[in-house]
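Remember, it's 1-based here, ligands and their atoms both numbered in the order they're listed. Keep in mind it's a predicted model, so treat the numbers as computed, not measured.
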Amino acid sequence: MKILVTGGLGFIGSHVVVKLQEQGFDVVIIDNLSNSDIKVLDGIIAITGITPEFEQLDLREKPAVSDFFKKHSDVRGVIHFAASKAVGESVENPLLYYENNIGTLVYILQELQKKEQACFIFSSSCTVYGQADQMPITESAAIKKAESPYGNTKQIGEEIIQDTCRVNPNIKATALRYFNPIGSHESALIGELPIGVPQNLVPFITQTATGQRAELSVFGDDYPTPDGTAIRDYIHVVDLAEAHVAALKRLLANQQATNFDFYNVGTGKGSSVLEVITAFETVTKKKLNYKIVDKREGDVIQAYADTTKVNNVLGWKAKYSLEEALFSAWKWEQKQL
Ligand code: WQD
């Protein structure tokens, strides 16, 4: 059975491709390499021994999208990662985000509309909740006004899929609202490849530990949390990849009660920035150089998942600890030197 993974050479996409191949799916990847590297394909092949089909194309080109689906008419499901994802950049350049994250979603859904039946998994984010009123965050938490165009594209994306599924019973879709993906495959052959200065915490930590960065800036230590630093739910990317396969299998088996559903995908455990630093120092036995600076614009105080629905309905539960995820990120970073 052939599955299309858009953005399949990206951080999460590449880990999902490996899991899909290990589960016996045929995979075709679309990636425009704007935020990834063709060498990730070698990493995937080195892990599984299976070469996925790969097409370098830009999903903003509607004719190219149509041609792709004509050529690959046997695609049964799509896992859609291809999108821009830098919160700060989205504030500076909103139209890039609306074109790339919304336009491409519409083009793909227009192709799935033509199929007898199609499964679709959407890469969403806990960002849709903004600063939730209650912790842990359940799927019934209010969807607040997005704090950034990036977050808005995830909210709008889910609405577009819901509206599409309402009138297209042939499309079955699931949105996975990720919390904070970190870590890398145990082989350290694939992992997070931030371009330029890392925006996210864990790659900045690992690059500080290798000496590539002089010191980590901790964005604020006067939040209303136990140690004053912000709290997040850090989920191992391999656990996250497993959640995608579980969601896909459920859609393919037509087991989803409605043809659009969504799940919070996290560990259910919140960790502060200082707790992440301490955990990293413990597992790597390295002292991390950091300083406390001002809060970062747009950051929420805390966000960690209530995993009741994803555990009980999707039948998936995170297996790896924060320490295991951090150690895998460290092993990967060392391989980049
Ligand atoms: C985590 C914590 C920072 C960097 C964003 C998006 C989310 C997803 C993941 C795409 C926060 C603190 C960070 C640093 C720091 N993106 N931090 N120093 O902001 O929770 O989530 O990235 O899918 O949608 O919103 O992740 O890793 O940037 O920050 O102190 O150099 O680490 O303030 O508390 P975030 P993050």
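- Using a 4.0 Å cut-off to heavy atoms of Asn180, the atoms of ligand 1 that qualify are 20 (O), 21 (O), 26 (O), 35 (P).
- At least one donor-acceptor pair closer than 3.5 Å links the side chain of Asn289 to the backbone N or O of Ala214.
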Run the numbers on Tyr178 and His244 for ring pair (Phe, Tyr, Trp, His ring centres under 6.0 Å), then give the verdict.
-> CA-CA 11 Å; Tyr178 311 155; His244 286 77; 5.3 Å; yes
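- Between the side chain of Thr258 and the main chain of Phe260, a donor-acceptor pair closer than 3.5 Å is present.
- Geometrically, Arg177 engages Phe262 in a cation-pi contact defined by less than 6.0 Å to the ring centre and at most 45° from the axis.
- Close approach of ligand 1 to Thr127 (heavy-atom distance below 4.0 Å) involves ligand atoms 7 (C), 24 (O), 25 (O).
- Residue, atom and distance of the protein heavy atom nearest to atom 29 (O) of ligand 1 are Arg296 NH2, 3.4 Å.
- With a heavy-atom cut-off of 4.0 Å, Phe81 does not touch ligand 1 at all.
- When Phe11, Phe204, Phe219 are ranked by how near their heavy atoms come to atom 14 (C) of ligand 1, first place goes to Phe219.
- Taking atom 12 (C) of ligand 1 as the reference point, the nearest protein heavy-atom neighbour is Val273 CG2, 3.9 Å.
- Looking only at side-chain heavy atoms (C-beta outward), Arg60 and Asn100 come within less than 4.5 Å of each other.
- Contacts of Ser217 with ligand 1, taken as heavy-atom pairs under 4.0 Å, involve the backbone alone.
- Those atoms of ligand 1 with a heavy atom of Gln199 less than 4.0 angstrom away are 4 (C), 28 (O).
- Residue-ligand proximity, Val218 to ligand 1, at heavy-atom distances under 4.0 Å covers atoms 30 (O).
- With a heavy-atom cut-off of 4.0 Å, Leu216 touches ligand 1 through its side chain alone.
- Applying the side chain to side chain contact (heavy atoms under 4.5 Å, CB included) test between Leu112 and each of Leu4, Val75, Ile171, Asn168 identifies Ile171 as the sole match.
- Using a 4.5 Å cut-off on side-chain heavy atoms (C-beta onward), Val293 and Val218 make no contact.
- Distance remark: protein heavy atom not present below 4.0 angstrom from atom 8 (C) of ligand 1.
- Under a 3.5 Å cut-off, the side chain of Asp239 and the backbone N or O of Lys319 do form a donor-acceptor pair.
- The backbone and the side chain of Asn200 each have at least one atom closer than 4.0 Å to an atom of ligand 1 (non-hydrogen atoms only).
- Side chain of Asn264 to backbone of Ile137: a donor-acceptor contact under 3.5 angstrom is found.
- The nearest protein atom to atom 11 (C) of ligand 1, hydrogens excluded, is given as Arg232 NH2, 3.8 Å; this is a heavy-atom distance.
- Near Ala230, the atoms of ligand 1 lying under 4.0 angstrom from a non-hydrogen atom of the residue are 34 (O).
- Remark: Lys154 is positioned above the aromatic ring of Phe122, its terminal NZ or CZ atom under 6.0 angstrom from the ring centre and at most 45 degrees off the axis.
- The closest protein non-hydrogen atom to atom 1 (C) of ligand 1 is Tyr234 OH, 3.5 Å.
- Heavy-atom contacts of Tyr150 reach the following atoms of ligand 1: 10 (C), 16 (N), 23 (O), 24 (O) (cutoff under 4.0 Å).
- Both tests pass for Lys295 against the ring of Tyr223: distance under 6.0 Å to the centre and angle within 45° of the axis.
- Among protein heavy atoms, atom 33 (O) of ligand 1 sits closest to Asp299 OD2, 2.5 Å.
- In terms of protein heavy-atom proximity, atom 27 (O) of ligand 1 is closest to Leu201 N, 2.8 Å.
- Centroid-to-centroid, the aromatic rings of His15 and Phe81 stay 6.0 Å apart or farther.
- Residue contacts with ligand 1: Val87 is placed with no nitrogen or oxygen under 3.5 Å of a nitrogen or oxygen of the ligand (distance criterion only).
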